[in-house]
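Side chains are part of it too, since the values below use all heavy atoms of this structure and drop only hydrogens, waters and symmetry mates.
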Amino acid sequence: MDSHKYTFVWLVSIAVVGVVVMVALAIATDPVVLFGEDEDATTLSFPTLWILSVIAYTVFSWRFWDPVPIDKSAALTFFGKPIADVGAGAPFAPLFFIKVATVTALVIQKEFPADPQHIFRGEMKDQSSLPEGMRPPIRIQFRDSIDQGKMNDLFTEDERIAKIEYDGEVQESISFQVEAPRDGLARRVTAEPYPVVRFIVESPALFLRNIGSVEKALEQIEDEMFSVLTRFYPRMSVGQALQNIRWMNVHLYKAVAKRVGVRGGTKSWGIRLQDAYVKYIYTSHGVNTAISEAAQAPFIKEKVITESEGAKVRLINEGEGKAKASRELEKQTLEGRTLGLKKMAKQLEISGSEALSAEVGRSVAEGGNAIIVGAEGVSQVAAMGAAFSKGQQAQPKGGES
């Protein structure tokens with residue numbers, strides 16, 4: 001408030017008090033006797049009493065007997081109207097006319113709608129069933145993630161680009177980012193954003209005149225912040241909201257700053273806004289579990305594939321090992337038979353084919369009930385007989401051993 005107005009009020013107050021004291025003294029017929037009697041009495045004249053009364057009034061107008069605490073600031077009110085700001089200490093406030101109204105000088109920070117321990121997420125039929133001291137969360141229905149074209153349709157240019165300004169000049173521009181992780185947060189989800197505001201009362205006189213109290217200021221700031229959140233967030237997914245948290249914070253700050261008014265203006269709330277931002281966005285336990293499972297799915301899939309491929313390689317290796325062992329056994333068997341046939345052919349002085357036919361005949365004989373079919377079978381039996389006959393001829397005479 002203008003110091004000249006305060007000085008004027010101070011002078012008027014002293015003048016009024018002086019006039020009142022003068023009138024009161026004028027009504028009295030006798031001077032005030034300090035001590036003594038009759039002619040020897042010591043008295044105070046009316047002018048002296050008037051001067052002393054004005055001095056006493058002025059001295060006691062310094063509120064040394066009721067100072068403003070160190071953690072407070074105050075406004076001097078003239079018949080209820082704030083006219084000046086004072087800090088901690090003993091302010092000069094003329095008695096009877098000026099009162100001292102204090103407000104906190106500390107930084108005020110508030111999370112909306114309430115601190116986490118005071119949020120009630122249970123079921124309730126109506127507002128009256130809400131437990132005392134608790135507040136319901138503010139839930140917003142987010143949509144599926146939007147692409148660039150949809151973003152251009154849903155947001156104006158001023159909304160797409162959040163501008164950080166200082167003294168009327170743009171210091172930084174933050175554009176809305178469409179790209180966001182393609183997980184569970186990219187789909188339609190109901191979530192609870194929790195904005196925070198932080199400010200300090202800079203001018204108690206303006207604050208008390210234009211807003212009245214900290215509670216009323218917080219109530220209006222809460223309305224403004226949720227107005228911004230409900231205007232922007234339903235146009236994007238939770239994932240995009242988290243991706244563009246700084247972009248949203250700029251919009252929040254500018255909206256609250258506009259609501260509280262330009263610093264120093266007659267309509268200003270007299271506060272210095274330090275910050276306005278989204279602290280976090282709360283999603284339910286079920287949503288978090290689903291998102292966590294979705295995030296783990298690629299790793300689980302990779303693990304299953306790896307295990308499957310390992311089992312496949314193991315089976316292949318086992319099959320190849322068995323096949324190799326079978327081939328080796330068959331090879332060794334064939335090699336043994338070949339050596340046997342060669343030895344038999346040499347001893348009987350017959351050809352290899354005749355020895356093979358003889359071996360076939362042996363196998364047939366061992367089979368007991370084998371049936372010979374076809375010309376090839378008959379040929380082999382005939383060859384077997386020829387080989388046997390030739391072998392008998394090759395034996396030495398006198399023959400039996």
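- Here the closest non-hydrogen pair linking L206 and G270 is CB-CA, 3.9 Å.
- Between F64 and F60, the ring-plane angle classifies as tilted under the 30° and 60° cut-offs.
- Side-chain contact between L229 and P193: present, with at least one pair of heavy atoms (C-beta onward) separated by less than 4.5 Å.
- Using a 4.5 Å heavy-atom cutoff, the side chains of E179 and Q243 are not in contact.
- In this structure, the separation between CD1 on I138 and CD on E192 is 9.0 Å, given to the nearest 0.5 Å.
- Considering only heavy atoms from C-beta on, D115 stays 4.5 Å or farther from Y194 through its side chain.
- Under the 4.5 Å side-chain criterion, counting only non-hydrogen atoms from C-beta, F199 is not in contact with V107.
- Within 6.0 Å of atom CD in E169, 12 or fewer heavy atoms from other residues, nucleotides or ligands are found, so the atom counts as exposed in its surroundings.
- Contact of the V170 side chain with the I164 side chain is not registered, since no non-hydrogen atoms from C-beta on lie closer than 4.5 Å.
- V260 is not listed as a side-chain neighbour of S268, based on a closest heavy-atom distance of 4.5 Å or more.
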Quick one: side chains of residues 91-105, donor-acceptor pairs under 3.5 Å with protein atoms, not counting sequence neighbours, listed by atom name and distance.
{"from": "T104", "atom 1": "OG1", "to": "L106", "atom 2": "N", "distance (Å)": "3.1"}

*Could you go through the side-chain contact (heavy atoms from CB on, under 4.5 Å) check for L252 and Y277 one step at a time?*
CA-CA 6 Å; L252 278 177; Y277 60 95; 5.5 Å; no
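- Closest approach of M134 to I119, counting heavy atoms only: CE-O, 3.4 Å.
- A salt bridge does not link K110 with E219: every distance from a Lys NZ or Arg NE/NH1/NH2 to an Asp or Glu carboxylate oxygen is 4.0 Å or more.
- Put simply, CZ on R187 and OG on S237 are 11.5 Å apart, with the number rounded to the nearest 0.5 Å.
- Note that CG of L76 is 8.0 Å distant from CZ of R63, once rounded to the nearest 0.5 Å.
- In this structure, R231 is not positioned above the aromatic face of F226 in the sense of NZ or CZ being under 6.0 Å from the six-membered ring centre and within 45° of the axis.
- Residues N249 and V278 come closest through the heavy atom pair OD1-N, 2.8 Å.
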*Check step by step if side-chain contact (heavy atoms from CB on, under 4.5 Å) holds for I140 and T230.*
CA-CA 7 Å; I140 292 180; T230 54; 4.1 Å; yes
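- Annotation: salt bridge (Lys or Arg N to Asp or Glu O under 4.0 Å) contacts involving residues 267-281, sequence neighbours excluded, comprise E111-K279, R198-D275, E202-R272.
- Under the 6.0 Å cut-off for aromatic ring centres, W269 and F207 do not qualify, their centroids lying 6.0 Å or more apart.
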*Dump the intermediate steps for salt bridge (charged side-chain N to carboxylate O under 4.0 Å, His left out) on E172 and R246, then the final yes or no.*
CA-CA 12 Å; E172 184 180 0; R246 189 162 175 257; 2.8 Å; yes
*Stepwise side-chain contact (heavy atoms from CB on, under 4.5 Å) check, M248 with V228*: CA-CA 9 Å; M248 174 56 76; V228 175; 4.1 Å; yes
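- A distance of 8.5 Å separates CD1 of I271 from CD1 of I211, quoted to the nearest 0.5 Å.
- The two residues R121 and P137 come nearest to each other via the heavy atoms CG-CG, 4.3 Å.
- Within the model, atoms OG of S213 and CG of L218 stand 8.5 Å from one another, a figure rounded to the nearest 0.5 Å.
- Between the NE2 atom of H251 and the NZ atom of K163 there is a distance of 10.5 Å, given to the nearest 0.5 Å.
- More than 12 heavy atoms of other shown residues, nucleotides or ligands fall within 6.0 angstrom of atom CZ in F79.
- Between A88 and P69, the shortest heavy-atom distance links the atoms CB-O, 3.3 Å.
- Contact annotation: the side chain of N244 never approaches that of I174 to less than 4.5 Å [non-hydrogen atoms, C-beta and beyond].
- No side-chain donor-acceptor contact under 3.5 Å links Q240 to the backbone of Q177.
- Considering all non-hydrogen atoms of both residues, D144 and R188 come closest at OD1-N, 2.7 Å.
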Determine all donor-acceptor pairs shorter than 3.5 Å in which one atom belongs to a side chain in residues 151-162; sequence neighbours excluded.
{"from": "N152", "atom 1": "ND2", "to": "Q148", "atom 2": "O", "distance (Å)": "3.3"}
{"from": "T156", "atom 1": "OG1", "to": "E159", "atom 2": "N", "distance (Å)": "3.3"}
{"from": "E159", "atom 1": "OE1", "to": "T156", "atom 2": "N", "distance (Å)": "3.0"}
{"from": "E159", "atom 1": "OE1", "to": "R235", "atom 2": "NH1", "distance (Å)": "2.9"}
{"from": "R160", "atom 1": "NH1", "to": "F155", "atom 2": "O", "distance (Å)": "2.8"}

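- Aromatic rings of Y233 and F142 (six-membered ring for Trp) have centroids within the 6.0 Å cut-off, being under it.
- Side chains of F112 and V197 form a contact here, defined as non-hydrogen atoms less than 4.5 Å apart.
- Put simply, the side chain of R209 gets close to the backbone of P82: a donor and an acceptor are under 3.5 Å apart.
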